[in-house]
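Read through the structure below, which is laid out as structure tokens, and then see the notes.
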Amino acid sequence: MRDKSLPPRGPAKILIVDDEEVVRDVCRRSLETCGYELVEAENGSQALHHLERHTFDIIFTDLKMPLVNGVELLEAVKRDHPYSEVIVMTGLATVAEAIETMKKGAHDFVLKPVRPEQIRLTVKKCLERILLDEENRALRVANEKLLELKEMKDKFIAITSHELRTPVSHLKGYLDILLNEEICSQLSDKELAHSKEVLLAAVRELEQIVDRMHALSQTEDAELERKLEPVEVNGLVKRVVLAYEPVVRRRKQRIELHTAATPLDILAIRDQIQEAVSELVRNAIKFTPDGGKVQVRTQRQGDYCVISVKDTGVGIDRTEQGKIFERFYEVQDSRYHTSSKEAFMGGGLGLGLPSARSIAAAHGGDIKVISDRHHGSEFLVYLPLAEHEPRLN
Amino acid sequence: MKSQVETLKAENEKLKSVLELATKISHEMNQPLTGIAGYCDLIAEQLDPDNPLSRDIAQIRKQAERLEKLVNRFQSVAIIETGGWSEPHAG
């Protein structure tokens, strides 16, 4: 009957509290055969002592006891152990009081003299209720997670279809032209060359989107270990920076690279590290206005290699610094709204930073950010060095 | 005239306190009753129904139940008579 998604549960734990040994004994003997874990206490303060060290599902207690009595015990349980239930034992004379305890949160009461069958039944009923409540809470949590996932999925679909639209429309448009013999034969060489370029760029853009999604799903793969290879970081970063020079030029920015004096070797999945660094450079360019500067630096810091990408861009407000690593989070600023990938503050999939961080984490490192609004940002990628591995060119 | 009222009052008080004492005692009786009836039940659960002992156990149980009913009746009456309930002491 218990929902399969819930973790298995141990035997129920019951605390029996009564100042009379006979009563405790009868209670214990009655419940022993049911497979519960039983603990006894002589009075309220002993009970509280036990409660400090363990959690009990049910506290089965007399009302009238010396030192701390049943009512005080009930109040303490309800205050400190919200998921534990209390069953009180009462003589007919104190029934009115027992009913009062129900209002204070006791789950049930049994009339004295208590009989074994009655004890078992009351406990069983109470346990059923406890299990139901547990299941309810767990299902609520699962439901929330599902709603979150659904939201992520919806966002993902919306953003993806938006991102894909441009390259796909370019492909369609230009292919229509090229496949139409009549129109095609009338194009000048320059126009033909341009069409081909646009088509290639569109395909490359689609490829990039696919790569990024692939990188994102890959980092959640537990088989990562087997695909590692030696990577020299200075060389890798140099190649990434080179690849972005055309964009930098178009945006009238400057990009500087300072690599460490000695080679920095790590064990990694090359494509992923390349993707992560690309992402940071891409972001730096994106969030820096035309004419700004991007500085990329690599250095050794203890057991780690650090890749720093610093820009003179808009910076990130402190309140957003946590959020930027959340999937599908895009910094929104309507002043600069544009769907262009390269233009200042152009929109994007929002997969980049979270992926990059996942990648760093999967490799045993991390990505940190130092930034403030209007003061630019510096992203630091920490990756553990493969100190004891032989160097490979 | 005045002394009659005084006497009645005094008697009433006496009756009340006797009733209260008796009530406290009957409340106390719950504990040994729990023991007797409780252990009887536990033993009965472990005996085969054709075991000759189970008949004797059933007898003890029946007597314990009689006591139990007496105690309960007394307590209900006591509640009515004292018009409410004064706290029995611990135990």
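On a predicted model such as this, the values are computed, not experimentally measured, just so you know. By convention in this document, chain letters (A, B, ...) are assigned in the order of the sequence lines, proteins followed by strands, and residues within each chain are numbered from 1.
At a heavy-atom cut-off of under 4.5 Å, chain A is reached by B:Leu33, B:Thr34, B:Gly35, B:Ala37, B:Gly38, B:Tyr39, B:Asp41, B:Leu42 from residues 33-44 of chain B, listed in order of number. Within residues 48-70 of chain B, the residues approaching chain A closer than 4.5 Å by heavy atoms are, in numerical order, B:Arg61, B:Glu65, B:Glu68. Interface with chain B: from residues 115-124 of chain A, residues A:Arg115, A:Pro116, A:Glu117, A:Arg120 qualify, criterion being any non-hydrogen pair under 4.5 Å.
The choice from A:Leu111, A:Asp25, A:Val22 that makes the most heavy-atom pairs within less than 4.5 Å of chain B is A:Asp25.
Judged as a salt bridge (charged side-chain N to carboxylate O under 4.0 Å, His left out), and not counting sequence neighbours, A:Arg140 has no contacts.
Atom CD of A:Glu128 has more than 12 heavy atoms from other residues, nucleotides or ligands within 6.0 Å.
The two residues A:Val23 and B:Gln31 come nearest to each other via the heavy atoms CG2-OE1, 3.5 Å.
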